[in-house]
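Protein chains get the first letters and strands the later ones, always in sequence-line order, with residue 1 at the start of each.
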Number of protein chains: 2
Amino acid sequence: MSQIPLARRSPIPPENCNLARAIELIGDRWTLLILRAALYGVRRFDDFQSELKCPRTVLSGRLKILVDAGLLTKRTYKVPGKRARPEYVLSAMGISLRPILIGLTQWGDVWLGQGEPAPISFTKAGSKGAIRAAFVDADGREVRPDQIRAVLRG
Amino acid sequence: MSQIPLARRSPIPPENCNLARAIELIGDRWTLLILRAALYGVRRFDDFQSELKCPRTVLSGRLKILVDAGLLTKRTYKVPGKRARPEYVLSAMGISLRPILIGLTQWGDVWLGQGEPAPISFTKAGSKGAIRAAFVDADGREVRPDQIRAVLRG
DNA sequence: CCGTATCCACTCGGATACTG
DNA sequence: CAGTATCCGAGTGGATACGG
């Protein structure tokens, strides 16, 4: 079943692991749902709230965390003749999570899809075939999962 | 900053979204840390516990969820002359999360690495160059993030 | 070892209401 | 709209102890 060799501990202590740090930061139900919505273009407080149906206090807190961490930028935008409004936009740091959430979407399509076809799929601009998450080498060529080796530094 | 067009709602309601389902299932600090450890080869209750330093009750609960969901398989293995022991091994469903967690690792290396070089990197068996999580088309050729387009079904 | 059982303090999520 | 202020109950995290 598992080709992963038995280990008593992970090779990197969680306190010093960037994966663990990422999990501490965004590994949270509401936070991830906020990022999901943001990647779909949602930007405003009440839009997030009606999308997530979470307590406003919780939403407020999570948005603060994401702004502080640099994933979201809080800025004000103004439509002429209307009152200025704050909005939360993804920064480059936030946008770079997109491939990961797309990967998770496709994982969900496979394992949690309840037999129904995926409601959303992803293609390369100008093409029609589906794309998928994978590993590539420096030349952009795919590396099969069983070919992957982890290398510790030092 | 954000090329993502403004939206009031996400195109797919969360109740019907496989990404949202995935988030409900594994979008949790302890759950993700368990999966992280499991992908590094940890299999036993006490090893998880000393790795995560979480309450044993919490660990027990999370493991049950992951087993029920099919991400982990609880099985018994026996070393001759020793007492049989249960262990939690990743199923195919669990292993297929690996690209996603490696992608998140590399995201963390870039944005949360505090300037230090990545403590762990990934290569192709027999080669030396680093590999990275990315998207590929049907031919196994990389698709750059800005080339990705979402397509709704129907 | 592998858990389950408690106890406690605390945060979180849920609901509602109230202001700039 | 965009939040902050409460209140409340449930679940979680933390520590410790105890049985298979």
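Residues from residues 29-39 of chain B with heavy atoms under 4.0 angstrom of DNA chain D, sorted by number: B/W30.
Using a 4.5 Å heavy-atom cutoff, the side chains of B/R98 and B/I102 are in contact. Using a 4.5 Å heavy-atom threshold, the side chains of B/F135 and B/Q147 count as separate. Side-chain contact check for B/L97 versus B/L90: every heavy-atom pair is 4.5 Å or farther apart. Residues B/K124 and A/R149 are not in side-chain contact: their nearest non-hydrogen atoms beyond the backbone lie 4.5 Å or more apart. Under the 4.5 Å side-chain criterion, counting only non-hydrogen atoms from C-beta, B/I4 is not in contact with A/Y40.
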Convert the base pairs of DNA chain D into dot-bracket notation, remembering that pairs crossing earlier ones are written with [ ] and that bases paired across to another strand are shown as |; include only Watson-Crick or G-U pairs under 3.5 Å. ||||||||||||||||||.|

Begin from the C-alpha positions of A/R141 and A/V136 and carry the test side chain to side chain contact (heavy atoms under 4.5 Å, CB included) through to its verdict. CA-CA 5 Å; A/R141 254 200 290 265; A/V136 296; 5.9 Å; no

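Side-chain nitrogen and oxygen atoms of A/R62 include at least one within less than 4.0 Å of the OP1 or OP2 phosphate oxygen of C/dG13.
In this structure, A/E87 does not pair ionically with A/R44, as no charged nitrogen and carboxylate oxygen lie closer than 4.0 Å. Using a cut-off of 4.0 Å between Lys/Arg side-chain N and Asp/Glu carboxylate O, A/R132 and B/D137 are scored as not salt-bridged. For B/R8 and A/E51, the salt-bridge test fails: no basic side-chain N is under 4.0 Å from an acidic carboxylate O.
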Could you list, one pair per line, each protein nitrogen or oxygen that sits under 3.5 Å from a nitrogen or oxygen of nucleotides 2-5 of chain C, together with the distance?
from: C/dC2; atom 1: OP2; to: B/D46; atom 2: N; distance (Å): 3.2
from: C/dG3; atom 1: OP1; to: B/K74; atom 2: NZ; distance (Å): 3.0
from: C/dG3; atom 1: OP2; to: B/Y88; atom 2: OH; distance (Å): 3.1
from: C/dG3; atom 1: N7; to: B/R56; atom 2: NE; distance (Å): 3.1
from: C/dG3; atom 1: N7; to: B/R56; atom 2: NH2; distance (Å): 2.6
from: C/dT4; atom 1: OP1; to: B/K64; atom 2: NZ; distance (Å): 2.9
from: C/dT4; atom 1: OP2; to: B/S60; atom 2: OG; distance (Å): 2.2

Provide a list of protein-nucleic acid N or O atom pairs under 3.5 angstrom, restricted to nucleotides 7-9 of chain C.
none

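One can place CZ of A/F48 at 15 Å from C1' of D/dC1, the figure rounded to the nearest angstrom. Atom CG of B/D28 and atom C1' of D/dT12 are 10 Å apart (whole Å). The nearest whole Å value for the distance from the CD1 atom in A/I65 to the P atom in D/dG3 is 15 Å. Rounded to a whole Å, the NZ atom of A/K78 is 14 Å from the C1' atom of D/dC1. Look at CG on B/L59: it is 14 Å from C1' on D/dG14, rounded to the nearest Å. For the pair A/R43 CZ and D/dC1 P, the computed distance is 15 Å after rounding to whole Å.
Counted within 6.0 Å of NZ on A/K128, heavy atoms from surrounding residues, nucleotides or ligands total 12 or fewer; the atom is thus considered open.
Taken to the nearest 0.5 Å, the CG atom of A/L19 stands 8.0 Å off from the CG atom of B/L33.
Under the side-chain hydrogen bond (donor to acceptor under 3.5 Å, both in side chains) criterion, A/W107 pairs with B/S96, not counting sequence neighbours. Not counting sequence neighbours, B/R85 has no partner by the salt bridge (charged side-chain N to carboxylate O under 4.0 Å, His left out) test.
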